[in-house]
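The structure appears below as structure tokens.
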There are 2 protein chains.
Amino acid sequence: MARPSAVAQRRREILEATCEVVAERGFRDLRIADVAKVAGYSTGTVHYYFDSKEDLLKDAFRFQYDQSLGRRDGHFEEDDDPVARLRKLADGYLPISAAAVRSWRVWLEFWVSAVGDRSLGEVNEVYYGDWRQTVIETTKAGIDLGLIAVGDPVAFADAFVGMLDGLAIQVLIGSKHMTVERMQATCNAFIDSVAIR
Amino acid sequence: MARPSAVAQRRREILEATCEVVAERGFRDLRIADVAKVAGYSTGTVHYYFDSKEDLLKDAFRFQYDQSLGRRDGHFEEDDDPVARLRKLADGYLPISAAAVRSWRVWLEFWVSAVGDRSLGEVNEVYYGDWRQTVIETTKAGIDLGLIAVGDPVAFADAFVGMLDGLAIQVLIGSKHMTVERMQATCNAFIDSVAIR
DNA sequence: AACATTTCTGACTATAGCGTCAATTAAGGT
DNA sequence: ACCTTAATTGACGCTATAGTCAGAAATGTT
């Protein structure tokens with residue numbers, strides 16, 4: 001071996017740049033040339049590490065999901081009760097920080113591309129299922145502790161995650177009706193309506 | 001005048017075809033050639049009625065919105081009470097019929113394109129604002145009649161429309177967790193939680 | 001029929017961008 | 001110092017497609 005492999009590092013750099021460009025220009029408008037520019041390499045280098053644009057995009061989604069997972073779990077405190085955890089989950093997903101906005105944009109692009117693309121749908125199944133499960137379990141824990149009053153925790157969790165997604169879209173579009181503040185208020189009102197105080 | 005104008009009719013045909021193609025291929029992957037083929041004309045004809053691809057897409061969104069407005073209002077009965085109306089609104093938006101699925105796909109594509117495109121955002125502002133207002137007013141009517149118990153009708157309406165959007169996305173992707181049936185059940189559970197029986 | 005006007009066509013131009021590749025540079029190893 | 005392999009470059013080939021345009025066809029009017 002003549003040199004130590006820089007493959008893992010380079011791939012990370014390029015995936016990072018790809019997420020940046022997806023958030024800015026979208027999935028389908030993404031140009032390899034933009035990714036190369038942001039990463040600080042030539043287009044040839046991007047193709048050296050990724051066979052095709054499609055490969056690059058799929059890997060970029062996985063990369064970005066793993067990153068936001070880390071952000072999410074970092075928000076919890078050991079002694080948060082389930083209601084506090086629901087609030088933190090909602091807060092953590094507000095498209096308020098640059099990183100959160102970027103994540104949302106990448107997700108949105110991903111979802112739209114996943115409509116009618118079976119293989120992307122399977123990636124969503126795993127990652128979205130995981131997130132949904134977190135909310136379901138937090139809700140159940142709240143019920144067990146007598147802090148949350150809902151008939152069906154799964155229906156509540158589905159409504160909750162669905163609401164977050166729908167509201168985030170309008171925030172991202174820049175709707176005057178749905179600002180980040182209104183989204184937060186709406187989420188809190190939603191949690192308040194089932195929290196036993 | 002040498003001939004009666006066929007402009008309105010042709011534009012409708014072409015917009016219809018455009019929605020078809022957007023639902024199939026997406027906003028950005030749409031090719032004028034595909035629209036022409038579906039409409040049964042040449043690419044030149046599409047350009048004869050629409051100056052640019054962007055114009056075509058904007059008009060197509062408006063067209064499809066007006067169509068689904070018609071579908072929505074057709075669902076109401078004169079004597080429906082507000083709670084029944086909310087249920088019908090949710091039912092009418094379930095991505096179950098081919099027409100509803102197509103509408104949702106067009107919306108999704110449009111929203112994603114509107115992220116970071118100010119002029120598309122303004123179109124959304126008008127149409128989405130109208131839809132949101134319908135839900136707000138229906139909720140207020142329910143409160144006035146003592147049929148709905150919510151603290152803040154606007155927060156409730158925002159949560160409701162947001163939930164619909166978020167759930168629909170997962171249904172469209174084909175998630176095993178979120179089928180049309182589950183979406184309907186989730187919506188009904190949500191309405192039940194505020195309906196005074 | 002002759003004409004005017006609208007509608008329609010499809011070839012053509014121009015441009016954009018993916019992926020290839022031959023050449024170059026960087027960085028060990030011996 | 002020299003060799004070997006990895007990494008990188010950027011020009012280029014190729015394909016796709018938006019939009020133009022000159023003319024042809026259709027459809028009325030007189």
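Just so you know, these numbers use all the heavy atoms, side chains as well, and skip hydrogens, waters and symmetry mates. In the text below, chain A, chain B and the rest are named by the order of the sequence lines, each starting its count at 1.
- Taking atom CD1 of residue B/I14 and atom P of nucleotide C/dT7, one finds them 11 Å apart after rounding to whole Å.
- Contact annotation: A/T45 side-chain N/O to D/dT9 OP1/OP2 distance is under 4.0 Å.
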Exercise. How does protein reach along nucleotides 11-24 of chain C, written 5' to 3' as B (base within reach of a heavy atom under 4.0 Å), S (only sugar-phosphate), or - (no contact)?
Worked result: ------SSBB----
When the side chains of residues 146-156 of chain B are checked against the rest of the protein, which donor-acceptor pairs come out under 3.5 Å, sequence neighbours left out?
| unit_1 | atom_1 | unit_2 | atom_2 | d |
| --- | --- | --- | --- | --- |
| B/D152 | OD1 | B/V154 | N | 2.9 |
| B/D152 | OD1 | B/A155 | N | 3.3 |

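- Considering only residues two or more places apart in sequence or on other chains, A/W107 meets the side chain to side chain donor-acceptor pair (under 3.5 Å) condition with none of them.
- Using a 4.0 Å heavy-atom cutoff across all strands shown, B/Y49 reaches sugar-phosphate atoms only and no base atom.
- Not one N or O on the side chain of A/W111 forms a donor-acceptor pair closer than 3.5 Å with the backbone of A/N124.
- Contact annotation: B/Y48 side-chain N/O to C/dC8 OP1/OP2 distance is not under 4.0 Å.
- For the OP1/OP2 pair of C/dC8 and a distance below 4.0 Å, the side-chain nitrogens and oxygens of B/R10 include at least one atom meeting the criterion.
- For residues 8-54 of chain B, there are no ring-ring contact (aromatic ring centres under 6.0 Å, His included) pairs, not counting sequence neighbours.
- Shown here are the side chain to side chain contact (heavy atoms under 4.5 Å, CB included) partners of A/S193, two or more places apart in sequence or in another chain: there are none.
- Rounded to whole Å, atom P of D/dT20 lies 15 Å from atom CZ of B/F50.
- To the nearest angstrom, C1' of C/dC8 lies 9 Å from OH of B/Y41.
- For B/L69, the side chain to side chain contact (heavy atoms under 4.5 Å, CB included) partners at least two apart in sequence or on another chain are B/Y65, B/R72, B/D73, B/D130.
- Atom NZ of B/K37 and atom P of D/dT17 are 12 Å apart (whole Å).
- Atom pair B/D55:CG and D/dA18:C1' shows a separation of 13 Å (rounding to whole Å applied).
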